[in-house]
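A quick write-up on the structure given underneath.
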Protein chains: 2
Amino acid sequence: MSTQEDLLEEARRMASLLQRAAEQVRADFARSVGPFDLPVATARALLLLDAPAAMRSLADHMACDQSYVTGLADDLERRGLVTREPGDDRRVKVLTLTKAGAALRTKLSRAVAPQSPVMVRLGLADRVTLERLLTTLLADQP
Amino acid sequence: MSTQEDLLEEARRMASLLQRAAEQVRADFARSVGPFDLPVATARALLLLDAPAAMRSLADHMACDQSYVTGLADDLERRGLVTREPGDDRRVKVLTLTKAGAALRTKLSRAVAPQSPVMVRLGLADRVTLERLLTTLLADQP
DNA sequence: TATTGTTATACTCTATAACTATA
DNA sequence: TATAGTTATAGAGTATAACAATA
């Protein structure tokens with residue numbers, strides 16, 4: 001009997017499962033976005049632009065650098081999906097969906113969410129449990 | 001009643017939690033490997049070389065391209081941790097841990113798993129549940 | 001003809017640093 | 001002084017394509 005080895009093996013298995021689940025989520029999102037001819041990051045930004053938002057705020061929500069958001073905003077603007085206008089504080093630029101942007105965002109959200117493996121493969125009770133476990137796992141993370 | 005926006009929001013929240021959990025696992029692995037002065041990918045290869053393996057086989061286990069393994073094998077060999085010798089099929093090169101490689105692999109495996117956040121933050125019952133949910137989520141994946 | 005491993009190169013994603021214009 | 005956004009550049013990580021040796 002080897003309790004220590006069992007624990008190590010369990011840790012390895014859990015780590016692998018979490019990595020694969022995350023990869024599945026990424027791959028599924030990319031697959032859902034594919035038909036829309038949008039870069040994945042651009043699609044993610046579009047979906048987050050539920051309401052008008054400062055670029056800095058979008059960077060926070062995407063957990064990325066502000067300089068990266070500049071490129072995404074360029075792309076969204078080039079495609080006519082957002083406007084980029086000064087806010088009250090004139091350093092800020094507010095991204096607001098155009099009519100076309102809102103329409104595309106709606107189509108995108110209809111394509112993305114229902115096909116998500118988490119929503120398809122797990123029932124409501126399981127999703128609630130999974131959310132609780134992952135939240136515990138991530139508690140007090142920096 | 002559940003609107004489209006509610007579904008999207010739930011899917012997004014679950015995706016985010018899974019991404020963050022996976023990132024936590026990666027960060028923890030990197031932190032554990034840190035003191036060993038090995039690149040993360042090299043450390044991962046070292047841990048997988050439990051037994052001698054063809055480079056192609058290692059690429060399969062790491063889910064990466066063969067050309068990438070060439071670089072890892074170069075690194076491991078440079079450090080004196082593996083030998084790289086022709087197999088029966090002389091196209092194949094077999095990676096085998098040296099004495100130093102085996103010793104380092106043992107130390108590494110002891111350092112990596114025990115402080116894993118999954119093991120520390122979740123009790124046994126929760127880990128069993130999480131494993132069941134993730135396995136369901138990943139069932140029948142290509 | 002197909003496969004292993006190698007090499008050189010290219011690509012994707014994202015961050016860092018320096019800058020400007022406001023505040 | 002500090003912050004929002006921009007620009008140019010750099011780096012990590014990994015793949016692609018062409019190739020030689022072997023099957």
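We name chains A, B, ... by the order of the sequence lines, and we start the count at 1 in each one.
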Rounding to a whole Å, what distance do you find between [X]:[atom1] and [N]:[atom2]?
{"X": "A:R26", "N": "C:dT12", "atom1": "CZ", "atom2": "P", "value": "17 Å"}
{"X": "A:L58", "N": "C:dT14", "atom1": "CG", "atom2": "C1'", "value": "15 Å"}
{"X": "A:D75", "N": "C:dT12", "atom1": "CG", "atom2": "C1'", "value": "14 Å"}

Interface polar pairs with nucleotides 2-8 of chain C, N/O, under 3.5 angstrom:
residue : atom : partner : partner atom : Å
C:dT3   : O4'  : B:R91   : NH1          : 3.4
C:dT3   : O2   : B:R91   : NH1          : 3.1
C:dT4   : OP2  : B:R56   : NH1          : 2.7
C:dG5   : OP1  : B:M55   : N            : 3.1
C:dG5   : OP1  : B:K93   : N            : 3.0
C:dG5   : OP1  : B:K93   : O            : 3.1
C:dG5   : OP2  : B:R56   : N            : 2.5
C:dT6   : OP1  : B:R84   : NE           : 3.1
C:dT6   : OP1  : B:R84   : NH2          : 3.4
C:dT6   : OP1  : B:K93   : NZ           : 3.4
C:dT6   : OP2  : B:T70   : OG1          : 3.1
C:dT6   : OP2  : B:R84   : NH2          : 3.4

Hey, what do you get for CG (A:L17) to CD (A:Q24), rounding to the nearest 0.5 Å? 11.0 Å
Measuring from atom CG of B:L134 to atom CZ of A:R13, what distance do you get when rounded to the nearest 0.5 angstrom? 11.5 Å
Pairs flagged by side-chain hydrogen bond (donor to acceptor under 3.5 Å, both in side chains) wherever residues 39-65 of chain A is involved - sequence neighbours left out: A:T42-A:D75, A:R56-A:D60, A:D65-A:S67
Using the heavy-atom set of chain A and a strict 4.0 Å cut-off, write down the first and last nucleotide of DNA chain D that makes it in, 5' to 3'. D:dA2 to D:dT7
Thinking salt bridges, do A:D126 and A:R121 make one under a 4.0 Å N-O criterion? no
Determine whether more than 12 heavy atoms belonging to other residues, nucleotides or ligands lie under 6.0 Å from atom CZ of A:R31. yes
Do you know the tightest heavy-atom contact between B:A22 and A:Q19? O-OE1, 2.9 Å
Can you find a pair of side-chain heavy atoms, one from A:V82 and one from A:L49, that are under 4.5 Å apart? yes
